[in-house]
Amino acid sequence: MKTRIASRVGQLPGYPLAHIPRRKRELIAAGVDVIDLGAGDADVPAPKVAVDAVTEAMKNPAMHRYGFQLGLPAYRDSIVRYHQRRFGTSLDPMSEVVPLLGSKEGLAHFALAVAGPGSVAIVPEPGYACYIGGSICAGAEVHIAQLRPENDFLVELGDLPRDLLARTSVAFLNYPNNPTCAVAPRDYLERTVAVCREFGIALAYDNPYVELTYDGYVAPSILEIDGAKDVAVEFHSCSKTFAMTGWRLGWAAGNRELLAALNTIKTYHDTGAFLALQAGGAAVIDRTEEQVKPLLAIFKSRRDAAVSALRDAGFEVPVPKACMYVWIPLPEGVKSAEFAGQTMEDQGVIVLPGSAFGPSAEGYFRIALTVSEARIREACQRIGRVLARV
Ligand SMILES: Cc1ncc(COP(=O)(O)O)c(C=O)c1O
């Protein structure tokens, strides 16, 4: 008899980046000079302070044992100090922090912890794919909330029907936003927390780009908002803040009951991040402000190079205030998947089409600022050649 696959697998939408690594390898093998601006995975080395701390920790046999969900207490303590220093918020290290194997893992597992059949998960589109993926795996009904430029790419929960909100168990929000680079004003966050408190909605606030902001803009933590801790869990990541994507290290912080539920789910799915990596994380999180400065300078000069080269090529590009992306509108009627297909196949430049983030993101494409300024300029010129032909 043939084996069966669970129906949830078929319900998952195609993952935006799934086919790219294979095609990239084929193009490189065929001699194409590929510039990959697809995944948000910068070419910047991880901070020395983190690498040194891991190297030292690796020599300690105790670090090679299971981490379990408790993990390394020093990692939790560094997170608590960071939130206090940076946002002025207090957290209990044991009950209000959960170490994660990257924030993606935490977000997807959070859906399993709070949503299920009979409840609604509000998912922004365009948005990071694990919100919808986790919600579908949890069996929840997904309500897509479209991010529109005329609304500054904000999801106004209070504008949704009250009967929908009454059935909603979780809302995923992400500002500074991937892929639109939108940021959330404080009064918007206050309104959002108020709606979540009124309807008992768990607010999964995904904040991996909180440190990647420019031109004087400083992004807040949702936990700065009065009453947020009643409903919110904020997801942080070492991936973008410190260029440590491969380490798979992040954390969740906020409401203790929600975090206890996440912890329970995780107990059955993983046994914690490698303790030596958590030692590296603790070392670097304690030096966030100093470590982030040079990285920000790199991303800012890449952003400026990208915006000016794209404008020279004929695109109308807003200057992003945050993140490591540029979200670029295409001329009316140009299909983003076709456009991205041409930049890859004809020009060897990998970009992400808006449609990969969901149908309502049609009409845009995203570049990630993951290579040098010179390569970004070169890539934007090549993208401009495709624009000239459409
Ligand atoms: C909005 C958003 N959330 C979460 C993540 C996942 O980050 P991590 O590497 O911590 O899993 C990403 C990665 O691109 C992201 O863009």
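Residue indices begin at 1 and follow the sequence shown. Counting starts at 1 for both ligands and their atoms, in listed order. Heavy-atom basis, side chains included; hydrogens, waters and symmetry copies ignored.
- The shortest separation from a heavy atom of W247 to ligand 1 is not under 4.0 Å, leaving the residue out of contact.
- One distance of note links OH of Y325 with CG of N177; it measures 10.0 Å at 0.5 Å rounding.
- T89 and Q84 share no side-chain donor-acceptor pair at under 3.5 Å.
- The single protein non-hydrogen atom nearest to atom 7 (O) of ligand 1 is S103 OG, 3.2 Å, given as residue, atom name and distance.
- Using a 4.0 Å cut-off to heavy atoms of N174, the atoms of ligand 1 that qualify are 1 (C).
- Nearest protein heavy-atom neighbour of atom 14 (O) of ligand 1: K240 NZ, 2.8 Å.
- At least one heavy atom of P208 sits under 4.0 Å from some atom of ligand 1.
- Both tests hold for R303 against Y214: distance to the six-membered ring centre under 6.0 Å, angle to the ring axis within 45°.
- The distance from the CZ atom of R197 to the CG atom of D226 is 8.5 Å, given to the nearest 0.5 Å.
- Remark: K321 qualifies as a cation-pi partner of Y217 under the 6.0 Å distance and 45° angle criteria applied to the six-membered ring.
- In D215, the CG atom is crowded: over 12 heavy atoms of neighbouring residues, nucleotides or ligands sit closer than 6.0 Å.
- Heavy-atom contacts of Y131 reach the following atoms of ligand 1: 1 (C) (cutoff under 4.0 Å).
- By the 30° and 60° cut-offs, the orientation of the rings of H236 relative to F87 is tilted.
- Contact between Y209 and ligand 1 is present, with at least one heavy atom of the residue lying under 4.0 Å from the ligand.
- Looking from atom 9 (O) of ligand 1 to the surrounding protein, the closest heavy atom is S239 OG, 2.6 Å.
- With respect to atom 10 (O) of ligand 1, the closest heavy atom belonging to the protein is S237 OG, 2.6 Å.
- Summary of contacts: the protein heavy atom closest to atom 1 (C) of ligand 1 is D206 OD2, 3.2 Å.
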Less than 3.5 Å apart, which donor and acceptor atoms pair up between the side chains of residues 110-130 and the rest of the protein, not counting sequence neighbours?
| unit_1 | atom_1 | unit_2 | atom_2 | d |
| --- | --- | --- | --- | --- |
| S119 | OG | G116 | N | 3.1 |
| S119 | OG | G116 | O | 3.0 |
| S119 | OG | S169 | OG | 2.9 |
| E125 | OE2 | S360 | N | 2.8 |
| E125 | OE2 | S360 | OG | 2.6 |

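- Residue-ligand proximity, G102 to ligand 1, at heavy-atom distances under 4.0 Å covers atoms 10 (O), 11 (O).
- Between the choices R248, M244, H236, the shortest heavy-atom distance to atom 11 (O) of ligand 1 belongs to R248.
- Using a 4.0 Å cut-off to heavy atoms of N178, the atoms of ligand 1 that qualify are 1 (C), 15 (C), 16 (O).
- Under the side chain to side chain contact (heavy atoms under 4.5 Å, CB included) criterion, Q11 pairs with S7, R8, I136, sequence neighbours left out.
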